[in-house]
Every structure is written in C-alpha cells, then in structure tokens.
Amino acid sequence: MQKFENEVTVKVNCDYKTLDQDLLKMNFKIVKQFLVHDFYYAKKDTDFRNCDPYQLFNDSMIVREMVGMQKEIIHKYKEYDQNKNIINQVKTACTIESMDDGKKLLEAMGYELFLTIDDQCYVYSNEDIELIVQVIEEDEIYIELEDIPRHTHRVYQNIDQMIIAMNEVKIDFDHSDYFVKKQIIAFKSKYQN
C-alpha cells in the first residue's frame, strides 16, 4: 500500500518521566503504547562511511515489527528543501507474516542490514491533538505529530498547521528543528563520526 503522508518530529529536552507528567497536566492521556523494531537494509555495495545519508535512506528498505500488531517491509521516499526539511514523503508498505522471512527476502535481493532502531512508543491524546512519543534511550526522546491522526478528529492540511499545533503543546523541545531525522542521527553516530 502506498501512502502520501506528512509529519513533524521534534527532539525533547527532558526525560520521559518529566514529559509524561507535563502531558498529563495538560489533559493528555496515553491511548496506546507499543514497541517498534526497525531493521534498515541497504544494497551490499554501499559505502556507509562516505555516502549521503539522505539518499541512503531514500534507497533503503525497512523491516518493521510493531510488536503484537503488525510486521511490514517498508520503503520511504522523502523530498527535502535546501535546509533538509522534509517537504513531502511517500511510504509504501507490504504486510509480512514473519520478520525472518522479510529479512531473508531483502538479503536474497542483495541488501544487508546496516542499522537497527528500537522505539518504545506512547500515543498521547487530549481529544484535540495526538502526539506519538518515541523513547529510544532515556536521553533520546522524540515527539511525532502526523497529518492524519488515528485517535483525534483534527486533520492537518499542511506542515505549517502541524508546527502550530506542536507549539500549542507547552513542553520542552528543540524548536529549531521540526524535521528531526532520528535514523540519520543514529546512522551518522554509527558510521560517520
């Protein structure tokens, strides 16, 4: 299934306990929680130390498990402006029965595993705004706001509306970047430092 989608993602400046308390004070409730395992695959001949990470992720595949919910092979293509802000993205996903079978398929097609990211996700809603809090490490926490939420009726027509909504939530996050790319941060830390 192919889907055009937009989202904003920000890096939180506090720990999860503080964030949770702040959101609860603003009448947010956890409506869903789940664990995500993302396994990123690229062509075997990729030079990870010298490649452009933005192009790498446009060319890579993801084997994703949302534990207890679904397993997929995913390709994401993102278009960026001159400041590396995401201006458009397309996600194509195919449901799979087995994580091992998905990984074996990509390996048979000449791909190799190069990055793994595990997210503990908490979906918060206050009936107006829906936020997906992604905890990777205690000091690495992100909040994502999607253009079409699943637990509220508020739909965003464009990125500007999403940024305004994110700013309505008075929490401690980095306001200098609304398009944090956690996979690129993890990739650079592993291969290009």
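- A donor-acceptor pair under 3.5 Å is formed between the side chain of T46 and the backbone N or O of K43.
- Remark: side-chain polar atoms of S98 are paired, donor with acceptor, to backbone N or O of D100 under 3.5 angstrom.
- By the criterion of side-chain heavy atoms lying less than 4.5 angstrom apart, applied directly or through intervening Ile, Leu, Val, Met, Phe, Trp or Tyr residues, F28 is not grouped with L24; the two fall into different hydrophobic clusters.
- Taking 4.5 Å as the limit, every side-chain heavy atom of D101 sits out of range of all side-chain heavy atoms of I96.
- In this structure, E130 CD and I148 CD1 are separated by 11.5 Å, a value rounded to the nearest 0.5 Å.
- In this structure, E140 contributes its side chain and I136 its backbone to no donor-acceptor pair below 3.5 Å.
- Within the 3.5 Å criterion, the main-chain N or O of Q120 finds no donor-acceptor partner in the side chain of Q134.
- In this structure, K103 is positioned above the aromatic face of F39, its NZ or CZ under 6.0 Å from the six-membered ring centre and within 45° of the axis.
- Both tests pass for K84 against the ring of Y54: distance under 6.0 Å to the centre and angle within 45° of the axis.
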| task | Starting from the C-alpha separation in whole Å, work towards a yes-or-no answer on side-chain contact (heavy atoms from CB on, under 4.5 Å) for I171 and M26. | result | CA-CA 10 Å; I171 54 175; M26 290 180 273; 3.4 Å; yes

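- For the residue pair I117 and Y40, the shortest heavy atom distance occurs at CD1-CE1, 4.0 Å.
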| said: What verdict does the side-chain contact (heavy atoms from CB on, under 4.5 Å) test give for K190 and F48, after you've listed the backbone C-alpha separation in whole Å, the side-chain angles of each residue and the deciding distance to 0.1 Å? | reply: CA-CA 9 Å; K190 182 174 181 177; F48 297 117; over 6 Å; no

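- For the residue pair Y122 and D20, no side-chain donor N or O sits within less than 3.5 Å of a side-chain acceptor on the partner.
- Hydrophobic cluster membership differs between V123 and V135, with clusters built from Ile, Leu, Val, Met, Phe, Trp and Tyr side chains linked at under 4.5 angstrom.
- Counting only distance, with no hydrogens or angles, the side chain of Q192 and the backbone of C51 share a donor-acceptor pair below 3.5 Å.
- Two residues are said to be in side-chain contact when any heavy atoms from C-beta on lie closer than 4.5 Å; V133 and I30 fail this criterion.
- When hydrophobic clusters are built by joining Ile, Leu, Val, Met, Phe, Trp and Tyr residues whose side-chain heavy atoms come closer than 4.5 Å, directly or via intermediates, V8 is grouped together with Y80.
- Closest of all the heavy-atom pairs between D38 and D118 is N-OD1, 4.5 Å.
- Using modelled atom types, one side-chain atom of K181 and one backbone atom of F179 make a donor-acceptor pair closer than 3.5 Å.
- When atom types are taken as modelled, the side chain of N83 and the backbone of N85 share no donor-acceptor pair closer than 3.5 angstrom.
- Within the 4.5 Å cutoff, side-chain heavy atoms of E72 are placed close to those of Q70.
- Without hydrogens or angle criteria, S60 side chain to F57 main chain gives a donor-acceptor distance under 3.5 Å.
- A centroid separation of 6.0 Å or more is found between the aromatic rings of Y77 and H75.
- With no hydrogens or angles considered, no side-chain donor-acceptor pair links Y142 and E144 at under 3.5 Å.
- A donor atom on one side chain and an acceptor atom on the other are not found under 3.5 Å apart for K76 and Q89.
- Under the 4.5 Å side-chain criterion, counting only non-hydrogen atoms from C-beta, Y178 is in contact with N167.
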| For L105 and I73, what are the C-alpha separation, side-chain angles and deciding distance, and is it a side-chain contact (heavy atoms from CB on, under 4.5 Å)? | CA-CA 10 Å; L105 174 65; I73 294 178; 3.9 Å; yes

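- A continuous path of Ile, Leu, Val, Met, Phe, Trp and Tyr side chains, each step under 4.5 Å between heavy atoms, connects I129 with L23, placing both in one hydrophobic cluster.
- Here I62 contributes atom CD1 and L106 contributes atom CG; the two are 10.5 Å apart, rounded to the nearest 0.5 Å.
- Note that CD1 of I159 is 8.0 Å distant from CD1 of I86, once rounded to the nearest 0.5 Å.
- In this structure, the side chain of N88 does not engage the main chain of K78 through any donor-acceptor pair within 3.5 Å.
- Looking at K71 and T95, their side chains never come closer than 4.5 Å, going by heavy atoms from C-beta outward.
- In E97, the CD atom is not crowded: 12 or fewer heavy atoms of neighbouring residues, nucleotides or ligands sit closer than 6.0 Å.
- Contact of the L56 side chain with the D52 side chain is not registered, since no non-hydrogen atoms from C-beta on lie closer than 4.5 Å.
- Here the straight-line distance linking atom CG of L131 with atom CG of N126 works out to 7.5 Å at 0.5 Å rounding.
- For the atom pair CZ (F173) and CG (N13), the distance works out to 9.0 Å, reported to the nearest 0.5 Å.
- Between the side chain of Y191 and the backbone N or O of F114, at least one donor-acceptor pair lies under 3.5 Å.
- Counting only heavy atoms from C-beta outward, the side chains of M69 and K32 approach each other to under 4.5 Å.
- Taking 4.0 Å as the cut-off between side-chain N and carboxylate O, D22 and K170 do not count as a salt-bridged pair.
- Checked for salt-bridge contact, K11 and D174 miss the test: no charged N lies under 4.0 Å from a carboxylate O.
- The shortest heavy-atom contact between L115 and Q183 is CD2-O, 3.6 Å.
- Hydrophobic cluster membership is shared by L113 and Y111, with clusters built from Ile, Leu, Val, Met, Phe, Trp and Tyr side chains linked at under 4.5 angstrom.
- Of all heavy-atom pairs between Y156 and D128, the closest is OH-O, 4.4 Å.
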| message | side-chain contact (heavy atoms from CB on, under 4.5 Å) for L19 and I141? Distances and angles first, verdict last. | response | CA-CA 9 Å; L19 175 64; I141 303 169; 4.0 Å; yes

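- The shortest distance between side-chain heavy atoms of M61 and V63 does not fall below 4.5 Å.
- Atom-to-atom distance recorded for E7:CD and I143:CD1 is 13.5 Å, nearest 0.5 angstrom.
- Nearest heavy atom pair, residue D147 against residue M162, reads N-CE, 3.4 Å.
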